[in-house]
Structures are given as C-alpha cells and as structure tokens.
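Contents: one structure, followed by commentary.
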Amino acid sequence: MVAFSANDPRTATLKDATTVAGVGYLLTMDSTNNTLDLTAANEIAIGVSMCESSRDADGTLETSGATVSFVPMNGVIMVASAASQTYTTGLLVYAQAAGVAGTTSSSRKLIGVYVGTGEVTSSSAGDLIPVNVTQAATA
C-alpha cells in the first residue's frame, strides 16, 4: 500500500529537542520558532512524517536543527496510531499526544476518517492506519 496519495513531500526544521521516530507521525507548526513539532492532543496537524528525522555523522538522531520530510494533510495518508486502538470503517480519528492518531475525541483535533477494513492496533504505538485527512480540523 502507498503511504501517501500523490502529495509532494516537503522538508522542514524541527523544534529543538524534537525527534521523529519514523513514517506516519503527525506534525504541527511551532509558529513561535517557525519549526515543526509532534502534535499534542489539542493541536492542529499540518502534515505527516515520511521518515524519521535527520541523523548526525555518527547515526544519532539530531536534537538541534534537525530536519524531517513530510507530506501536507491531503487525501488518504497512512498515519501512525496510538497503541491498542480499535478502528472501524468510517470512524473519526483524532490527533493524540506524541504525534500519533487515536479514537479519543475529548479535547482532540480531528484529523480525518478511518478508511480501512477494520483493525485493532498492537500494544505499542506506531502501527500505520489509512485515514482520509480531507476532513482534518483547520482551526
């Protein structure tokens, strides 16, 4: 399955001390510093990571001036899920802490609609789920 639906990738600098673990993590704009950060539960997602954040010459994830490639919120995107979530076709999906998606709606921002055939994610965060993000919250 393709992770991103014809979105052109972008590259941006991450907020200091932020690292991205891999593909599918929700990103938000830290407008104070013109950098990206992982979403918190009440923040608007502007994109989804295409890979982990940059590494230094020794292979360690950078924590200052790091960059990440991402795609804007558009179409159906494979998004990293929180642990132990149950998804059914048509279920609303929300931004959770640490840049992952989930089913908890209280004080969370909508990122879209689950468009898979139904699944329960594993007990660790990061399983990729298909979400139509054209209905994402914008305010």
Side-chain angles (χ1 to χ4, degrees):
M1 175 177 271
V2 176
F4 311 105
S5 60
N7 276 337
D8 289 332
R10 308 280 186 236
T11 300
T13 302
L14 289 168
K15 181 178 176 179
D16 282 349
T18 298
T19 60
V20 177
V23 67
Y25 284 84
L26 298 170
L27 301 167
T28 191
M29 180 56 78
D30 176 38
S31 59
T32 305
N33 299 309
N34 198 31
T35 56
L36 293 182
D37 197 3
L38 293 170
T39 59
N42 61 350
E43 294 178 323
I44 301 287
I46 66 159
V48 177
S49 66
M50 294 181 63
C51 56
E52 63 188 14
S53 51
S54 57
R55 293 178 176 271
D56 63 19
D58 296 325
T60 304
L61 286 171
E62 295 177 318
T63 58
S64 179
T67 59
V68 67
S69 291
F70 73 99
V71 289
M73 300 293 279
N74 181 24
V76 176
I77 300 177
M78 299 300 287
V79 176
S81 175
S84 305
Q85 300 289 294
T86 301
Y87 295 98
T88 56
T89 305
L91 184 70
L92 296 178
V93 180
Y94 300 88
Q96 310 295 311
V100 295
T103 59
T104 302
S105 63
S106 176
S107 299
R108 307 306 201 270
K109 298 295 183 182
L110 178 70
I111 65 162
V113 177
Y114 175 80
V115 292
T117 57
E119 62 189 288
V120 177
T121 58
S122 67
S123 60
S124 59
D127 289 359
L128 296 176
I129 60 163
V131 179
N132 181 347
V133 298
T134 57
Q135 291 90 9
T138 58

Rounded distance (nearest 0.5 Å) linking atom CZ of R10 with atom CG of L36: 12.0 Å
For the student: nearest non-hydrogen atoms of T39 and A95, plus distance: OG1-CB, 4.1 Å
Where at least one partner belongs to residues 79-105, residue pairs that pass salt bridge (Lys or Arg N to Asp or Glu O under 4.0 Å), sequence neighbours excluded: none
Nearest-0.5 Å distance that lies between atom CD in E43 and atom CE in M29: 12.0 Å
ILVMFWY network linking V100 to L26, side-chain heavy atoms under 4.5 angstrom: no
Closest approach of L91 to T86 (non-hydrogen atoms, all atoms of both residues): CD2-O, 3.6 Å
Reported OG1-to-CG distance for the pair T13 and N34, which is rounded to 0.5 angstrom: 8.0 Å
Distance-minimising heavy-atom pair for C51 and V68: O-CG2, 3.8 Å
Closest non-hydrogen atom pair between G102 and Q96, with its separation: N-CG, 3.4 Å
Where V133 and I77 come nearest, the two heavy atoms and their spacing: CG2-CD1, 3.8 Å
Pairwise salt bridge (Lys or Arg N to Asp or Glu O under 4.0 Å) hits with a residue in residues 79-91, at least two apart: none
Pairwise distance CG(L38) to CG(L27) - rounded to 0.5 angstrom: 6.0 Å
Under 3.5 Å: donor-acceptor pair, side chain of T121, backbone of Q85: yes
Please tabulate, one pair per line, all N/O donor-acceptor pairs under 3.5 Å involving side-chain atoms of residues 52-62, not counting sequence neighbours.
| residue | atom | partner | partner atom | Å |
| --- | --- | --- | --- | --- |
| E52 | OE1 | R55 | NH2 | 3.2 |
| E52 | OE2 | R55 | NE | 2.6 |
| E52 | OE2 | R55 | NH2 | 3.2 |
| S53 | OG | V20 | N | 3.0 |
| S54 | OG | E62 | OE1 | 2.5 |
| S54 | OG | T67 | N | 3.0 |
| R55 | NH1 | G59 | O | 2.4 |
| D56 | OD1 | D58 | N | 2.9 |
| D56 | OD1 | G59 | N | 3.1 |
| D56 | OD1 | T60 | N | 2.9 |

Salt bridge (Lys or Arg N to Asp or Glu O under 4.0 Å) contacts touching residues 11-24 (sequence neighbours left out): K15-D37
Minimum side-chain heavy-atom gap V23-M78 below 4.5 Å: no
Mind listing the side-chain donor-acceptor pairs of residues 123-131 below 3.5 Å, one per line with the distance, residues two or more places apart or on another chain?
| residue | atom | partner | partner atom | Å |
| --- | --- | --- | --- | --- |
| D127 | OD1 | S122 | OG | 3.2 |
| D127 | OD2 | S122 | N | 2.7 |
| D127 | OD2 | S122 | OG | 3.1 |

Same apolar cluster: Y25 and V71, side chain cutoff 4.5 Å: no
Step-by-step side chain to side chain contact (heavy atoms under 4.5 Å, CB included) determination, V113 to L92: CA-CA 5 Å; V113 177; L92 296 178; 3.9 Å; yes
Spacing of OG1 belonging to T103 relative to CZ belonging to R108, to within rounding of 0.5 Å: 9.5 Å
Residue pairs fulfilling ring pair (Phe, Tyr, Trp, His ring centres under 6.0 Å) with at least one residue in residues 79-126, sequence neighbours excluded: Y87-Y114
CE on M73 to OG1 on T134, rounded to 0.5 Å: 9.5 Å
Nearest atoms (heavy-atom pairs only) where V93 meets A101: CG1-CB, 3.5 Å
Close side-chain approach of V76 to N132, heavy-atom, < 4.5 Å: yes
